[in-house]
Amino acid sequence: MGKDDQKFITRIPKVELHVHLEGSVQPQTLLALARRNSVSLRYDTISGLRKWYSFRDFNHFLNIYLTISSCLRRAEDIELITREFLIGQAAQNIVYSEVTFTPYNQYVTSGLGFHEQMDAVNRGRAWGEKELGIRMGVIMDIPRHITSENGDLIAKWAIERFGDGIIAFGLGGPEIGNPPEKFRDAFDRVRAAGIPCILHAGETEGPSSIWSAIRIAGSRRIGHGVRAIEDRKLMEYLRDRQIPLEVCPTSNICLKIFPSMEKHCLPQLMESGLYVTINSDDPPMFNTTLTKELMIGWKTWNWDRTTIEHLVLNAVNATLLPEKGKKELQENFIQQFEQIR
Ligand code: ADE
Ligand code: ZN
């Protein structure tokens, strides 16, 4: 593969399934919001933020993530980051994204009401559809460090706004010591309301976390899921049912899940016939984008165009779009792949 292949990766249409809204704040916007909202950050330059985004481990990352969330204090901040997120997606030809959003963090640090936040996201979404012609849906998640009672509150929010921007319910944050079982009631409630669940699992915690995500919440896809590699039975289960994994390679290196890209288990997951999608997680925090993640696969594992097309179509077919919409998107993508090839 040469320059033409890089051009191919850049130009093809894409879908992204695992990307956090608050983890996508542009560095210059973060600096401006921190200043505007009187939050003092450790660094006040773009190059300083690059240093700040150098993580010792998951907990160190989470601390910084929560500090970023604490810079979002007004509804217009949420609308701004939604618009900028969509501009970044459109620049990569990502036509549809399923975006994780954790309003509870802003509710606690800024007192910003959930409905106000959701209205702001929806204004950003409507703007993106009109001005950029791209779409997004929100996976609202519980951050695992909170109490189960507060998890119930988030479930109530999700039920109130399901279908009005919210497409699914999730679980993120510190996996170790906070299993899905802690939020069993919340998951029971949202599932009874017909809301699909998509949980982070098998990132900093092992296979038991993935089993729980499936058993407790019926997780439709698994956020990360890379540690399934440690359990042969789980690998077979995921393969037989083709439960999609949302793999975020650079995130896993930045958070020390694997020591290097060469040691990442992604090739084994693919060779074992698991359903894999590629994602960016928190792009500016990991100095990446979905396009860069595909480039990394090409460089590290010699992915050819057919492999890249396959991974992109996997993402399309693992969306929560209605079957008809999925099929239309798939046909449109295949046509565009042929033209761009
Ligand atoms: N929130 C943002 N990024 C996350 C990740 N990689 N794992 C869990 N929670 C997160
Ligand atoms: Zn994530």
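When a ligand or atom number is given, it counts from 1 through the structure's own listing order. In this chain, residues are counted from 1 in sequence order.
- Distances between N or O atoms of G173 and those of ligand 1 include at least one value under 3.5 Å.
- Here D281 reaches the Zn ion (ligand 2): one of its N/O/S atoms is less than 2.8 Å from the metal.
- Of the candidates R135, Q89, E16, Q89 is the only one forming a side-chain hydrogen bond (donor to acceptor under 3.5 Å, both in side chains) with S97.
- Where the criterion is an N or O separation shorter than 3.5 Å, residue side chain and backbone included, D282 meets it with respect to ligand 1.
- Between the side chain of K182 and the backbone N or O of I146 there is at least one donor-acceptor pair closer than 3.5 Å.
- Within the 4.5 Å cutoff, side-chain heavy atoms of L21 are placed close to those of I81.
- Inter-residue side-chain proximity for I78 and R123 is flagged as unmet; no heavy-atom pair is nearer than 4.5 Å.
- For a distance bound of 2.8 Å, the N, O or S atoms of C248 include none lying that close to the Zn ion (ligand 2).
- At a threshold of 4.0 Å, the pair E328-K324 counts as salt-bridged, since one of the basic side-chain nitrogens sits closer than that to a carboxylate oxygen.
- Residue contacts with ligand 1, taken as heavy atom pairs separated by less than 4.0 Å, do not involve E175 at all.
- Aromatic ring orientation, Y237 versus W211: perpendicular (interplanar angle above 60°, classes split at 30° and 60°).
- With a 4.0 Å cut-off on non-hydrogen atoms, D281 touches ligand 1 through its side chain and not its backbone.
- Comparing heavy-atom distances from atom 7 (N) of ligand 1 across E203, H18, H20 singles out E203 as nearest.
- Distances from the Zn ion (ligand 2) show that H18 has an N/O/S atom below 2.8 Å.
- Between F169 and W157, the ring centre distance reaches or exceeds 6.0 Å.
- The closest approach between any non-hydrogen atom of R144 and ligand 1 is not below 4.0 Å.
- Within ligand 1, counting atoms from 1 as listed, the ones closer than 4.0 Å to a heavy atom of F58 are 5 (C), 7 (N), 8 (C), 9 (N).
- Counting just the N/O/S atoms of H20, the one with the shortest distance to the Zn ion (ligand 2) is named NE2.
- Of the N and O atoms on the side chains of N178 and H145, not one donor lies less than 3.5 Å from an acceptor on the other residue.
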